[in-house]
Amino acid sequence: MPADLGIRARIKAPVRASGSPATVVTALSARKALRSGVLWGYIFGIAIASSEISYVKIYKTAAQRASLAATYGTSKAVSALFGTAPQLQTVHGFTVFKISMTLMILGAVWGLLTSTRLLRGEEDAGRWDLLLCGQTTRRGATAQTMVGLGAGLVTLWALTAIIAVLAGLESSVGIGAGPSIYFALAMVATAAMFLAVGAVTSQLAATRRRATSFGAAFLGISYGLRLIADAGMGLHGLIWTSPLGWVEELQPLTSPHPLAFVPIVAFTAILAAVAVHLAGTRDVGASIVADQTHAPARLGLLFGPTGLSIRLMRGTVIGWWVAIGLSAFIYGLIVESAGTTISGSVNEVFSKLGVTGTGPDAVLGVCFLIEAILIGFVAAGQVTAARAEEAGGTIDHFMVQPVSRAAWLGGRCLLALVVLVLSGVAAGILAWLGAATQHTGFSVASLLGAGINLVPPAIVILGIGVLTFGLRPRATSIVVYAVLGWSLLIVIVGGFGTVSHWVLDTSVFHHMASAPGVPPNWEANGIMTAVGAAAALVGGLAFRRRDLEGA
Amino acid sequence: MSNSALRTEGLTKHFGDVVALDHLDLEVAQGEVVGYLGPNGAGKTTTIRLLLGLSLPTEGRAEIFGLDCQRQPVQTHRRLAFVAGEANLWPSLTGAETLALLGRVHGQVDEAYRDELIERFDLDPTKKVRAYSKGNHQKVILIAALMVRPDLLVLDEPTSGLDPLMEQTFRHCIHEARERGQTVFLSSHMMSEVEALCDRVGILRDGKLVEIGTLAEMRHLSALTVEARFDGAVPDLSVVPGVSAVDVNGSMVRCQVRGPIEPLVKALAAADVTDLLSREPSLEELFLARYGEDGRAG
Ligand SMILES: Nc1ncnc2c1ncn2[C@@H]1O[C@H](COP(=O)(O)OP(=O)(O)OP(=O)(O)O)[C@@H](O)[C@H]1O
Ligand SMILES: [Mg+2]
């Protein structure tokens with residue numbers, strides 16, 4: 001057959017794709033990491049700025065500042081929870097005290113979730129295989145992803161620093177650019193370390209969920225060690241055993257101690273190197289910690305979609321309950337010693353946070369607010385899990401069976417409600433148990449009431465989530481976390497009375513009475529529950545009348 | 001009430017500007033095995049998701065055993081089972097747990113038959129879904145659908161990923177289902193599978209049903225392939241009425257004939273034929289002939 005010149009002319013060498021094989025994975029992961037770095041950098045920056053500005057607005061005189069320092073600065077319980085609190089008479093010291101522990105933990109959670117998502121999550125989804133068919137190796141791809149994660153980290157730091165510097169320039173605040181940048185660096189140090197922790201656990205565990213729980217356990221231990229070190233039991237040396245302790249030892253804004261960056265940088269670099277090394281020693285899709293591939297059938301819970309949900313999420317929910325119960329227990333434990341040292345000016349701060357009462361009541365009020373936020377996260381997790389079932393297509397198995405959409409969603413909502421109520425009960429009972437060991441005068445009924453009082457705001461979040469799920473399923477997770485993040489921001493910013501009443505009202509936590517200092521406002525709770533239920537009902541009706549939508 | 005298992009009337013689905021399905025009128029009688037073919041993106045999966053009530057039609061309606069697919073999904077689902085081309089199972093459950101769950105949700109399971117299917121498909125049910133290969137995922141949902149012995153089996157590329165041996169097992173199962181009087185609606189890209197199993201075949205293209213009928217009817221409308229070897233001179237067959245695509249290769253001639261075959265037989269008889277082979281087109285050839293070239297062009 002004669003050669004067909006026409007065809008030959010049409011055969012060209014493969015076109016060179018834009019970007020080089022050495023950077024394509026980096027670019028891919030950097031894009032995802034940057035997006036969340038921008039969001040969280042904004043939140044970090046706003047939190048720092050609001051804390052600084054509110055301090056100088058509220059504590060105008062030296063006397064007010066001295067009395068604040070006298071009460072908090074010496075409380076062992078407070079330092080156990082939030083870290084040591086030097087120089088509370090300055091905006092520098094107060095800002096570190098007010099915001100740093102929260103940002104350290106948020107940063108760690110961000111780092112852990114982001115790296116397990118982009119490493120083990122991508123591998124779980126099978127997309128890793130596609131990348132590895134290209135001109136890269138397992139180690140190369142892992143290293144590239146870590147560079148991408150690093151880009152996200154730099155974004156987080158840069159945005160936090162910019163906002164912190166701007167707030168510091170405000171004349172009444174008066175924090176220089178240098179200290180602000182150093183502070184921002186300290187605040188993203190846990191994020192860096194836990195990006196590396198997540199990278200290692202992604203090699204160890206066979207699923208993203210397990211990788212995250214390994215990392216979360218490590219975070220819990222770090223927090224616990226730091227707590228003991230700061231509890232004034234003469235064990236302050238323990239601070240050097242905890243990554244969170246290293247960050248505390250950086251002492252930003254107060255008496256900077258940059259040498260503490262040495263363990264932080266070393267820890268991050270070593271774990272990153274370990275992760276890259278481990279990635280090369282295992283098969284793609286496999287894990288270092290052996291995964292069980294066979295199991296005897298356990299059919300107890302597998303009676304239907306709701307039973308399956310219980311089985312699939314019980315690990316996560318129990319994890320939340322442990323976090324809620326344990327922190328409530330600790331709050332109960334310290335409430336007496338913290339409360340008795342509280343003076344009038346602190347009560348003023350508390351009352352601006354929406355917390356009423358004096359002494360131990362007020363301390364517990366603040367602690368219960370933190371529990372309410374945790375329970376809000378549980379609610380958000382319940383809704384996003386429902387959406388994930390639809391996006392992943394597993395819902396189809398039920399929707400082609402004699403199971404109505406109403407029954408499926410109703411079962412899930414009921415389950416979520418039970419989980420939320422039990423979370424509130426756990427918070428109340430364990431706070432009471434903690435307090436009871438110290439022979440404080442709290443009755444079980446009042447603390448149980450205070451625990452259940454935490455549930456209605458979470459029900460509102462649940463309701464808004466279900467409403468979004470019904471109307472705009474693909475926006476579910478963005479909307480619930482936006483509502484939660486916004487409410488959280490308002491709690492932080494608005495705690496100091498500089499925010500309009502109308503803005504405060506948009507935070508779900510603002511409508512919750514600060515039990516046990518005051519009795520729960522059952523009327524407001526009833527309204528919140530009704531609003532949540534109505535939103536969920538509308539969402540359910542919409543869900544019955546729409547297409548199922550994949551990811 | 002009619003004896004149709006499945007019926008659609010002007011069933012239409014738009015996704016934004018895309019018309020995925022355009023006024024589909026389709027009827028499948030009880031006990032029938034119907035194949036549903038079409039190029040990628042023709043609207044097969046869309047049709048099936050509408051039948052299952054997973055999507056809502058833009059226009060028109062569908063019913064299964066006389067029950068409205070949108071308004072009575074629970075009742076219709078009691079009588080059917082569905083197999084998708086992608087299993088999307090729960091990775092942490094084992095095969096046995098998955099089958100138990102799906103059986104309980106459906107309500108009725110022929111347990112002896114289930115165990116027999118596990119045996120025949122050679123599935124290890126103690127393994128976690130995460131550890132299964134692609135074909136094994138598919139086996140799990142196939143067994144889950146067959147074990148409830150539904151009146152209607154709705155299958156969307158059910159054998160994707162199965163090896164030829166398992167493909168054979170699947171065909172046996174569908175034959176058995178048909179003997180028991182079950183109705184089967186099978187969308188597939190495996191032409192040999194559809195050819196072996198289906199009484200009737202519908203062909204979809206750009207959301208429109210362009211053809212439906214038995215294989216025999218479809219073949220009747222299309223060309224027969226004839227190959228002949230001659231001892232002496234090769235006659236010019238291209239002038240014979242009904243004959244086309246004549247291809248001469250030495251003493252061999254291959255051509256296609258449409259309509260009455262008589263003129264060709266006469267022409268051949270006049271020459272010195274030593275070898276003659278005539279063959280009906282396979283479904284694949286029918287499909288390619290009709291949608292291959294102009295599919296590419298359009
Ligand atoms: N959720 C959706 N959103 C937008 N367009 C969609 C959606 N689902 C399907 N389509 C479009 O509808 C058309 C029909 O798709 P469908 O999945 O039904 O094809 P198919 O015949 O099953 O193809 P295949 O053989 O590839 O499975 C396609 O053009 C597709 O892009
Ligand atoms: Mg399809």
Side-chain angles (χ1 to χ4, degrees), chain A residues 123-126 129 206-210 285-287 290-309 311-315 388-408 411 542-551, chain B residues 13 15 46 48-58 70-84 86-108 124-132 134 140-141 144-145 148 150 154 156:
Chain A
E123 200 169 332
D124 271 354
D129 298 19
T207 62
R208 183 186 169 206
R209 186 200 283 253
R210 276 186 95 193
S287 55
D291 185 36
Q292 232 185 333
T293 55
H294 290 73
R298 287 171 298 137
L299 304 180
L301 285 169
L302 300 180
F303 51 81
T306 310
L308 177 71
S309 298
R311 166 149 171 187
L312 294 182
M313 66 191 196
R314 65 187 162 185
E389 251 186 79
E390 184 188 5
T394 50
I395 194 182
D396 292 5
H397 295 296
F398 295 121
M399 295 294 108
V400 301
Q401 301 266 14
V403 173
S404 69
R405 294 194 187 189
W408 182 86
F543 175 57
R544 292 178 61 186
R545 285 179 184 74
R546 68 165 173 85
D547 293 356
L548 294 185
E549 289 185 16
Chain B
K13 180 70 181 175
F15 291 106
T46 303
I48 288 176
R49 290 182 75 82
L50 289 167
L51 289 172
L52 295 169
L54 299 178
S55 305
L56 289 100
T58 310
Q70 306 307 323
R71 269 179 263 136
Q72 297 156 290
V74 172
Q75 289 87 328
T76 55
H77 294 169
R78 226 166 250 142
R79 300 191 60 182
L80 63 80
F82 168 59
V83 178
E86 274 207 42
N88 289 329
L89 293 165
W90 300 275
S92 61
L93 300 192
T94 65
E97 287 171 338
T98 308
L99 291 175
L101 172 68
L102 296 176
R104 284 177 186 178
V105 173
H106 191 272
Q108 50 169 38
D124 174 1
T126 64
K127 224 176 182 178
K128 285 194 179 177
V129 166
R130 192 187 301 133
Y132 277 142
K134 153 100 178 128
V140 173
I141 57 171
V148 301
V154 179
D156 190 2

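Every chain is numbered from 1 and lettered A, B, ... according to where its sequence line falls, protein lines coming before strand lines. Source: prediction; values computed, not measured.
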pair [X]-[Y]: side-chain heavy atoms closer than 4.5 Å:
| X | Y | value |
| --- | --- | --- |
| B/L93 | A/L308 | yes |
| B/L101 | A/H397 | no |
| B/E97 | A/L299 | yes |

*Taking A/D124, A/L548, A/V400 one by one, which has the highest count of heavy-atom pairs under 4.5 Å against chain B?*
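Top count of heavy-atom pairs under 4.5 Å with chain B: A/V400.
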*Please collect all salt bridge (Lys or Arg N to Asp or Glu O under 4.0 Å) contacts where either partner lies in residues 292-309 of chain A, sequence neighbours excluded, each pair once.*
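Salt bridge (Lys or Arg N to Asp or Glu O under 4.0 Å) check on residues 292-309 of chain A returns no pairs.
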Over all heavy atoms of both residues, which pair between [X] and [Y] is shortest? Give the atoms and the distance, please.
| X | Y | answer |
| --- | --- | --- |
| B/H77 | A/Q401 | ND1-O, 2.9 Å |
| A/A295 | B/T94 | O-CG2, 3.6 Å |
| A/H294 | B/D124 | NE2-OD2, 3.0 Å |
| B/V105 | A/G304 | CG2-CA, 3.9 Å |
| A/R311 | B/S92 | NH2-O, 4.2 Å |

[atom1]-[atom2] distance between [X] and [Y], expressed to the nearest 0.5 angstrom:
| X | Y | atom1 | atom2 | answer |
| --- | --- | --- | --- | --- |
| B/Q75 | A/S404 | CD | OG | 10.0 Å |
| A/R544 | B/L56 | CZ | CG | 11.5 Å |
| A/T293 | B/K127 | OG1 | NZ | 6.5 Å |

Side chain, backbone, both or neither: which part of [X] has an atom under 4.5 Å from a heavy atom of chain A?
| X | result |
| --- | --- |
| B/I141 | side chain |
| B/A81 | neither |
| B/R78 | both |

*Start with the C-alpha gap between B/R49 and A/D547, add the side-chain angles, then the distance that decides, and say whether salt bridge (Lys or Arg N to Asp or Glu O under 4.0 Å) holds.*
CA-CA 9 Å; B/R49 290 182 75 82; A/D547 293 356; over 6 Å; no
*Evaluate whether atom CZ of B/R71 has more than 12 neighbouring non-hydrogen atoms of other residues, nucleotides or ligands under 6.0 angstrom away.*
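Not buried by this count: 12 neighbours or fewer within 6.0 Å.
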*Measure A/L312 against the heavy atoms of chain B and call it side chain, backbone, both or neither at under 4.5 Å.*
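The side chain, not the backbone.
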